[in-house]
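Worksheet: the structure to be examined is printed underneath.
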Protein chains: 2
Amino acid sequence: MLEDKSQELTPISKLGEFGLIKHLTENFPIVQSSTKLSIGDDAAVIDAENQKVVVSTDMLAEGIHFNLGYVPLKHLGYKAVVVNLSDIAAMNATPTQILVSVAVSNRFPVEALEEIYSGIALACNRYKVDLVGGDTTSSNAGLVISVTAIGLADDAKLVKRSGAKPNDLLVVTGDLGGAYLGLQILEREHSVYLANPNMQPEMEGYDYILERQLKPEARTDIKKKLEELDVIPTSMIDISDGLASEVLHLSDQSKVGFNIYEEKIPMDETSISTADELNLNPAMAALNGGEDYELLFTVSPSDFDKIKNHPDFTIIGHATEAAQGNFLIARGSNQLIPLTAQGWDAFLNKD
Amino acid sequence: MLEDKSQELTPISKLGEFGLIKHLTENFPIVQSSTKLSIGDDAAVIDAENQKVVVSTDMLAEGIHFNLGYVPLKHLGYKAVVVNLSDIAAMNATPTQILVSVAVSNRFPVEALEEIYSGIALACNRYKVDLVGGDTTSSNAGLVISVTAIGLADDAKLVKRSGAKPNDLLVVTGDLGGAYLGLQILEREHSVYLANPNMQPEMEGYDYILERQLKPEARTDIKKKLEELDVIPTSMIDISDGLASEVLHLSDQSKVGFNIYEEKIPMDETSISTADELNLNPAMAALNGGEDYELLFTVSPSDFDKIKNHPDFTIIGHATEAAQGNFLIARGSNQLIPLTAQGWDAFLNKD
């Protein structure tokens with residue numbers, strides 16, 4: 001990691017707070033017409049252009065959400081942005097601006113912050129969002145990144161967690177479980193490295209799941225795809241804490257139950273083979289693993305034909321009356337297993 | 001402090017992440033008509049109601065921005081909100097919503113977070129803003145609070161830092177230096193306490209400046225007062241880092257110079273007497289102390305009559321051509337002292 005290197009690095013105190021912010025943010029272009037005023041004033045100014053404003057915030061803390069032993073700082077900056085854009089996408093809105101605050105201890109040189117901001121810049125460029133504000137401060141402790149994402153959407157197209165009705169189809173984008181399995185490989189190889197720093201990590205063949213963990217993408221493309229299909233989901237959420245946890249959120253807020261089919265849960269081949277290798281149940285990685293940042297949504301049964309053969313979408317179950325509860329229907333057996341949230345919890349899953 | 005107490009306190013892990021957020025935020029009412037969807041979905045939804053959206057974020061870190069040895073957690077929650085509302089007020093906008101993220105180590109019980117959130121609730125109630133989102137996470141280290149504030153304003157009334165013209169009058173609200181001097185008293189008494197925990201702190205007579213430090217207020221009242229006077233400032237900023245630093249920001253962004261008169265800088269009697277007691281120059285406390293959260297703005301010379309006798313406003317100087325630079329004109333002597341920013345810097349002023 002950068003902070004372990006040498007005397008040539010620049011201490012943050014050399015630039016000071018204002019100099020640092022200016023230095024880190026000077027190469028961020030403004031690409032959104034809704035951004036009327038950006039970094040450099042007391043606040044940014046956004047023109048909602050007759051749309052609704054959607055806003056979400058997430059905080060990532062060192063040692064809890066990431067381990068700098070194997071997470072490159074650039075990837076960390078990228079991921080901190082993406083997880084917030086995913087929340088905006090889950091409202092069926094288009095992300096337009098972000099604000100980023102970073103607390104770092106003085107053990108980090110300016111070059112480490114430059115790495116984080118290069119990842120933030122990459123995400124801004126990839127998703128066409130403007131960095132319009134933030135704060136950079138010292139911390140007595142580890143690294144903490146807080147991102148607030150802002151998006152815009154027509155009122156009629158906004159999708160909440162609360163609109164699912166019994167018999168609606170439950171649909172997921174992409175594939176699940178990969179991010180969790182990628183983390184298992186990273187942690188395994190990091191343990192090997194700690195035991196013997198001369199050992200080369202064995203990362204070959206795991207590219208897909210490592211990328212799912214280290215460089216996740218937000219499904220901001222789904223809004224347009226749904227528009228092309230003329231489908232407005234009845235409810236939607238992004239998968240940050242595992243499929244089971246998110247299904248239970250939709251259930252809770254929409255006042256419905258869900259049946260989901262284990263055999264329908266989409267998983268990549270690398271995920272399945274890695275789960276086998278690690279003696280894990282692949283479906284459990286999808287249900288409880290989290291961090292896949294795919295979208296989970298419900299659509300009216302009348303939209304079945306529009307959704308069924310689309311390469312981005314997999315129908316994995318359906319909504320039932322609330323009184324029926326939430327179940328996983330096990331592969332082959334038709335056994336109903338009650339769904340419980342064993343997803344990721346920042347206060348429980350500490351290393 | 002709460003975290004030092006006993007076994008009766010509730011560990012955060014008992015509630016878990018979702019339970020904790022729900023528990024902490026359940027008593028926050030929605031009072032703004034612009035809040036269309038609040039906590040509980042992937043993002044909040046705000047209706048800008050044909051106004052511009054103003055957004056700002058600030059992060060406070062334990063040991064850098066506050067010392068839990070003498071800052072009560074409830075005050076900390078209150079202040080974390082207020083400093084962000086002050087940024088919105090500095091745009092001549094009305095704050096409407098906030099999002100709050102908190103990272104805490106497991107040494108904090110649920111009751112400590114309840115204290116922080118009771119302060120946040122007090123600020124929300126006082127300023128009529130809605131808490132619409134946030135994140136609560138574990139941290140390996142100290143306490144970090146990140147607040148994002150959102151406000152609304154008519155486009156024509158927004159005030160940036162960049163509009164001052166030569167000969168504009170420089171105006172400040174309230175009085176300055178108190179927050180810094182309050183901090184000096186708190187630090188003095190905390191040192192005494194650390195040396196001898198049986199000593200009673202001597203806080204009597206310092207109430208005004210202690211309140212300025214521990215429970216600052218944002219000047220969200222100024223927007224209405226300016227409207228009543230039919231004055232729109234040509235530039236504005238809030239005083240978070242000391243008068244000198246803020247004058248230099250206006251200078252830099254408006255491309256003007258400023259002359260300010262030491263004898264005009266408004267200070268409370270308690271601030272002056274405390275500065276004397278501590279052998280500090282009172283004007284230096286105002287210029288370099290920071291955290292007063294008053295507003296500093298410029299108005300056209302033609303607005304002089306509207307501003308001059310208003311109890312909330314003090315004219316402390318005027319703008320000049322940029323080439324003339326920025327000066328403090330010393331009391332009595334007419335000596336010109338170049339203004340330099342020695343204000344508060346999170347990367348330099350570490351204890």
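Lettering follows sequence order; numbering is per chain, from 1.
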Exercise. Does some side-chain heavy atom of B:Gln97 sit less than 4.5 Å from a side-chain heavy atom of A:Val55?
Worked result: no
Problem set entry | Residue among A:Gly134, A:Ser162, A:Gly142 with most heavy-atom pairs under 4.5 Å to chain B | A:Gly134
Exercise. Distance from B:Thr148 atom OG1 to A:Ile150 atom CD1, nearest 0.5 Å?
Worked result: 8.0 Å
Problem set entry | Toward chain A, the part of B:Leu60 with a non-hydrogen atom under 4.5 Å | neither
Exercise. Does A:Asp41 reach the main-chain N or O of B:Lys160 with its side chain, forming a donor-acceptor pair under 3.5 Å?
Worked result: no
For this session: Heavy atoms only: give me the nearest A:Gly133-B:Thr57 pair and the separation to one decimal.
Result: C-CG2, 4.5 Å
Exercise. Out of A:Ser34, A:Ser146, A:Ala149, which one racks up the most heavy-atom pairs below 4.5 Å with chain B?
Worked result: A:Ser146
Seminar exercise, completed: Closest non-hydrogen contact found for A:Arg161 with B:Gly40 is NH1-O, 3.2 Å
For this session: For each of B:Leu37, B:Asp42, B:Asp135, tally heavy-atom pairs with chain A at distances under 4.5 Å, and name the one with the top tally.
Result: B:Asp42
For this session: Just give me the residue among A:Asp238, A:Asn50, A:Asp87, A:Val144 that pairs up with chain B most often, heavy atom to heavy atom, under 4.5 Å.
Result: A:Asp87
Problem set entry | Euclidean distance, A:Ile64 CD1 relative to B:Ser105 OG, rounded to 0.5 Å | 9.5 Å
Seminar exercise, completed: Ranking A:Ala44, A:Ala48, A:Ser101 by heavy-atom pairs under 4.5 Å to chain B gives rank one to A:Ala44
Exercise. Minimum heavy-atom separation for B:Ser138 to A:Ala61, with atom names?
Worked result: O-CB, 3.6 Å
